[in-house]
There are 2 protein chains.
Amino acid sequence: MPAAERRAMILDAARDLFGRQGYHGTTTDQIAKAAGISQPYVVRMFGAKETLFLEVLDATLATLVDAWRGTLDGLPSGADEHERARAIGEQFVDLAATRGLHTMLLQAFVSGAEPAIGRAAREGFLGIYRFLRDEAGIPDEQVQGFLGSGMIFSVMLAIDMPARFDDDEDAAALLRATFGEKCMQVVALARAAA
Amino acid sequence: MPAAERRAMILDAARDLFGRQGYHGTTTDQIAKAAGISQPYVVRMFGAKETLFLEVLDATLATLVDAWRGTLDGLPSGADEHERARAIGEQFVDLAATRGLHTMLLQAFVSGAEPAIGRAAREGFLGIYRFLRDEAGIPDEQVQGFLGSGMIFSVMLAIDMPARFDDDEDAAALLRATFGEKCMQVVALARAAA
DNA sequence: GTCTATACGGCGATAGAC
DNA sequence: GTCTATCGCCGTATAGAC
């Protein structure tokens, strides 16, 4: 198999595993097994586990921003900032289909104790902010609400709250409170991705 | 030293370290050194690293909820839901003085791959929701905004964004966008805690 | 391009003394 | 209540063959 294709497979498997278990909680052997190759080959291909994590982070951010660009391009040119925010907000939720995307970002944000990861995570967050401000044209007053709802969605995925919707009354109430009318849709999407 | 006091010291040291480095990224030896005792004694006292993490999580949630109760008690009895939300929101930021509190919670939320931690994290999140709803009387419509801004604050601490306020224009813009008027105060608090 | 074998360090946990 | 010594496992990384 050509190296480029192999890399993509490894990056996909690694995003899912790093997203669920974090940087230190994931072994290169788990990633290798998920990608169907040997552990030393994973290390050989990326040099070190940390480099792999950083490449996964870059790829994940690129996937997110590319998807948002596509969403904005598909919008009628007269769309105002609320419509744009709503559209990319929905796209963010839909990206749950890309397994591990949201949790991978969250894991990067909490792995700042590794200096290189901390730098990349900070820079990645700033890249998202710049995109919202400069490309999506979201005014600063709306940024907090947008980022906040994205964070809540990501954390809900991380703690697998949507799985408890049917069994736990409070879980259902919380999901309704945080996602409002879109609750059922979000829960369905999250479950399909899990 | 009496066991109870020793426990409290270990729990404090562990909260800080787990908060910065996560469950898998923190060793029982680091915690022992921070608490000034030997590594086997840490394990002996809590049985296992996982038990220690779960106890730290419980203690951290208790600290948060107790602080919030105190805040609500100090409010004039006529305070409406917006005043109550504002008061406990400020208290949440002030709790940055309790080193590692916010990041510890975040770390618990992303460590759900360990079954016992996942359960405790989910239950902890629900406990926070119940407190907001039943004790603080925050209506469901306000819950998303409240939780969202709390998440953003916690993530900003985790990636050490406040430290970049002076040097990075975009970091400053992001912090202003997410914290508004309270930005300077929040940045100062976050830095004092770091 | 991919594997097997393996070195090496580190970590959680146990044993047992004081 | 607290320590030292230590076991055994696991994880990353390297060497080197095919």
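First the proteins, then the strands, lettered A, B, ... as listed; each starts at 1.
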**Message:** Heavy-atom nearest nucleotide on DNA chain D for B:Gly36 versus A:Val43: which residue maps closer to 5'?
**Reply:** B:Gly36
**Request:** Measure from the side chain of A:Lys49, starting at C-beta and using heavy atoms only, and say which of C:dG1, D:dA13, C:dG12 lies closest.
**Result:** D:dA13
**Request:** List the steps and the verdict of side-chain contact (heavy atoms from CB on, under 4.5 Å) for B:Leu57 and B:Leu105.
**Result:** CA-CA 7 Å; B:Leu57 176 54; B:Leu105 294 179; 3.9 Å; yes
**Request:** Give the rounded distance in Å between these two atoms: OH of A:Tyr41 and C1' of C:dA5.
**Result:** 18 Å
**Prompt:** Within the structure, does a side-chain N or O atom of B:Arg6 lie under 4.0 Å from either OP1 or OP2 of D:dT2?
**Reply:** yes
**Asked** Within less than 4.0 Å of OP1 or OP2 of D:dT2, is there a side-chain N or O belonging to B:Ser38?
**Response** no
**Message:** Tell me the interatomic distance from A:Phe46, atom CZ, to C:dT2, atom C1', rounded to whole angstroms.
**Reply:** 15 Å
**Request:** Spell out, as yes or no, whether a donor-acceptor pair under 3.5 Å connects the side chain of B:Thr26 to the backbone of B:Leu17.
**Result:** yes
**Asked** Looking only at heavy atoms, what is the nearest atom pair of A:Ser154 and A:Thr103, with distance?
**Response** O-CG2, 4.4 Å
**Value in whole Å for how far the C1' atom of C:dC3 lies from CD1 of A:Ile37** = 11 Å
**Request:** Verify the distance criterion only: is there a donor paired with an acceptor across the side chains of B:Glu114 and B:His24 at less than 3.5 Å?
**Result:** yes
**Request:** Using atom CZ of B:Arg44 as one end and atom P of D:dA5 as the other, report the distance to the nearest whole Å.
**Result:** 17 Å
**Message:** From the set D:dT14, D:dA5, D:dG11, return the single nucleotide nearest to any side-chain atom of B:Pro40.
**Reply:** D:dA5
**Message:** Using OP1 and OP2 only, check whether a side-chain N or O of B:Thr28 sits under 4.0 Å from C:dG12.
**Reply:** yes
**Request:** Grab the CD-C1' distance between B:Glu50 and C:dA13 for me, whole Å please.
**Result:** 14 Å
**Item:** Between P of C:dT2 and CE of A:Met45, the distance in whole Å
**Value:** 6 Å
**Prompt:** How many Å lie between NE2 on A:His24 and P on C:dG12, as a whole number?
**Reply:** 12 Å
**Request:** Mark yes or no: B:Arg69 above the aromatic ring of B:Phe131, with NZ or CZ under 6.0 Å from the six-membered ring centre and no more than 45 degrees from the axis.
**Result:** no
**Message:** Just the rounded figure in Å: distance from C1' of C:dT4 to CD of A:Gln39.
**Reply:** 12 Å
**Complete:** Quick note, B:Met1 side chain, CB onward, closest among D:dT2, C:dG1, C:dG12 is D:dT2
